[in-house]
Amino acid sequence: MPRPTITFFVLVLFTFLLGLCPVQAESWFPPERCRGGTLWQDFIARHPHAAASPYAHAHTWDAPIDHFNADDTSTFKQRYFFNDKFFQPLANSSNNLVFLMIGGEGTLQGPPGGFVADLGKEHSALLVALEHRFYGESFPKYDMSTEALSQYLTVNQALADLAAFTDYLQNSKFPNVPLRFFTIGGSYPGALASWYRIVYPDKTIGSLSSSGVVNSILDFPQFDRYVARAIGESCAGRLRNVTHAFEDALRIPAAACVTKGLFGCDCEMWDVDFFYMLADAAAMVNQYGRKEELCSFLEGLEKDEEGRRKEPPSEFELVWRFANFTNRYYGPQFGASCFYDSRCAGDVSKATLNERSWRWQKCSELAYFQVAPLKKDEEVGNEGGGGGSLRSKKVTLEYHLEQCRRIFGEGVGEPRVEEINARFGGSRPKATRVFYSDFSDDPWQAASVLSEEDTEQPFQLAVYDGAGHCSDLHEPTEEDHPDLVNLRERFRTYLTQWLMEGEHGEGGKKTTDRKSVVR
């Protein structure tokens, strides 16, 4: 059998086995819509222990549907996972540590892995992960209508889940062993890890907030500026040419339908939804530390098969080849799912729970609306990315707000970002004992802590090519950059200090009554 055929069948078998083998869906994993192509295959190859462990059996507990309504005693089955391989509980010890991984905007299928698993081994700790309400199989009332989401899918309900769950774990599972919790999260769960220390400081020893998006931003052009800065002006210029080629293609109705079809998108998909998807397709390559792959592909469009310069590619070639790159990199479900299609996401009979839930959280409270930057770099300071927008200028704040109305109804107002930031502090959180980590190529860092304010909230930025979203939570390897290694070691120093302080009852704040927190 010829070698290419063998390679093909090996790849097909590998992909098939990945589909059968559940994995620990954590913050440092690419989103579920990106797990059908070479990005995901390479990710698993680099991190083989990301496949679910023997401890990946799902457990459930009866979580209150509404923590803030004393008259509503209904519950739902919230999933959690734990790994007690390293745990050595002692009834009379104050060192029974639990690393609690906070679930986010995706499905959990296993206990904490990667760096957190290493910490568990080092500290003989119990490893636990709690799935976020309205994601995966943790589905209150099996109702994802706008009414249900508005009542039960809020930041405060999610934080109250964590507090009530730790009580359940202590009282129902380990009644004779005093537990000490340390919370960990990345991205949105990284924000929750910080906010949890503000609302329920007595429930934890401290938190690690990796790439934590603690600053809710309504109008978020900084995202694209950070992408442009990370990939460099040559690569950014090529990416703008791709965007322009797609804009030209969508101006012609017949060409628009064919162009959308290249990604598996519906012909009737709103043009601006399509442009938002297109921007995400490029930005996430950089976000997950793979900017060289994006830029090498774009540069390769200008060379022939022997690597020599050729005439600039036609707009047709740019469109066709970028579509092939995206489909190969993420898989066909990337564009074909409901995630980017407002009409599809607004139909509860078609959209999945995860697709509607994260969109709701952005539309109701968190925003992070990535828009086209309209000002040149020299007009906005040192954020980088001069030379024009990477995404279509049609992706505006008005688009995002209209998208929310199309999906959830005309009654949906603007996200309550001012309320969220006033309560928690925005880019300067009001927490104690939280370590904030961030990474130079991650465009989400613009919504994160940007500097170290005090020793109660240490911050460290790892700077190197490929420093992507939540890089510290990856499984440590010998190839890790020294900046990443140093960041983890500095976190370990603070972790040890906070564990010692917690053992002697030092630090922390007064308990906040969860009933008094505004929903």
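It should be emphasised that the depicted structure is a prediction, and the values quoted were computed from it without experimental measurement.
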Would you verify whether the NZ or CZ of [X] falls within 45 degrees of the ring axis of [Y] while also being under 6.0 Å from that six-membered ring's centre?
X: Arg406; Y: Trp270; answer: yes
X: Arg359; Y: Phe339; answer: yes
X: Arg229; Y: Tyr226; answer: yes

Under the rule for disulfide (SG to SG under 2.5 Å), what residues qualify as partners of Cys265, not counting sequence neighbours?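 Disulfide (SG to SG under 2.5 Å) check on Cys265 returns nothing, list empty.
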
For Cys338, which residues count as a disulfide (SG to SG under 2.5 Å) partner, sequence neighbours excluded?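 Disulfide (SG to SG under 2.5 Å) check on Cys338 returns Cys344.
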
Contacts of type salt bridge (Lys or Arg N to Asp or Glu O under 4.0 Å), residue Glu302, not counting sequence neighbours: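 For Glu302 the salt bridge (Lys or Arg N to Asp or Glu O under 4.0 Å) partners, ignoring immediate neighbours, are Arg238, Arg309.
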
Could you list the residues that satisfy salt bridge (Lys or Arg N to Asp or Glu O under 4.0 Å) with Asp118, not counting sequence neighbours?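 Checked Asp118 against salt bridge (Lys or Arg N to Asp or Glu O under 4.0 Å); zero matches.
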
Partner residues of Glu418 under the side chain to side chain contact (heavy atoms under 4.5 Å, CB included) criterion, sequence neighbours left out: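 Scan of Glu418 (side chain to side chain contact (heavy atoms under 4.5 Å, CB included), adjacent residues dropped) gives none.
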
From [atom1] ([X]) to [atom2] ([Y]), nearest 0.5 Å:
X: Leu473; Y: Phe115; atom1: CG; atom2: CZ; value: 8.0 Å
X: Lys362; Y: Ser216; atom1: NZ; atom2: OG; value: 11.5 Å
X: Asp341; Y: Lys350; atom1: CG; atom2: NZ; value: 8.5 Å

Given the rule in the salt bridge (charged side-chain N to carboxylate O under 4.0 Å, His left out) test, do Asp347 and Arg356 qualify, once you have shown the distances and angles that lead to the verdict? CA-CA 9 Å; Asp347 187 340; Arg356 278 182 63 84; over 6 Å; no

How are the rings of [X] and [Y] set relative to one another: parallel (under 30°), tilted (30 to 60°) or perpendicular (over 60°)?
X: Phe325; Y: Tyr329; result: parallel
X: Trp444; Y: Phe223; result: perpendicular
X: Tyr276; Y: His400; result: perpendicular
X: Phe322; Y: Phe297; result: tilted

Does a donor on one side chain and an acceptor on the other come within less than 3.5 Å for [X] and [Y]?
X: Asp273; Y: Tyr399; result: yes
X: Tyr436; Y: Ser194; result: yes
X: Tyr330; Y: Arg35; result: no
X: Thr107; Y: Glu32; result: yes
X: Ser207; Y: Thr183; result: yes
X: Gln78; Y: Ser138; result: no

Do the side chains of [X] and [Y] get close enough for a salt bridge, i.e. N-O under 4.0 angstrom?
X: Asp271; Y: Lys394; result: no
X: Arg321; Y: Glu315; result: no
X: Lys260; Y: Asp266; result: no
X: Arg391; Y: Asp224; result: yes

Pair up each side-chain donor or acceptor in residues 252-259 with any protein partner under 3.5 Å, not counting sequence neighbours, and list the distances.
{"residue": "Thr259", "atom": "OG1", "partner": "Ala255", "partner atom": "O", "Å": "2.7"}

For this output row, return yes or no: ring centroids of Phe81 and His59 closer than 6.0 angstrom.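 Ring-ring flag for Phe81/His59: false, centres at least 6.0 Å apart.
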
Please confirm whether Phe246 and Phe263 have ring centers closer than 6.0 angstrom.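 Under 6.0 Å, so yes.
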
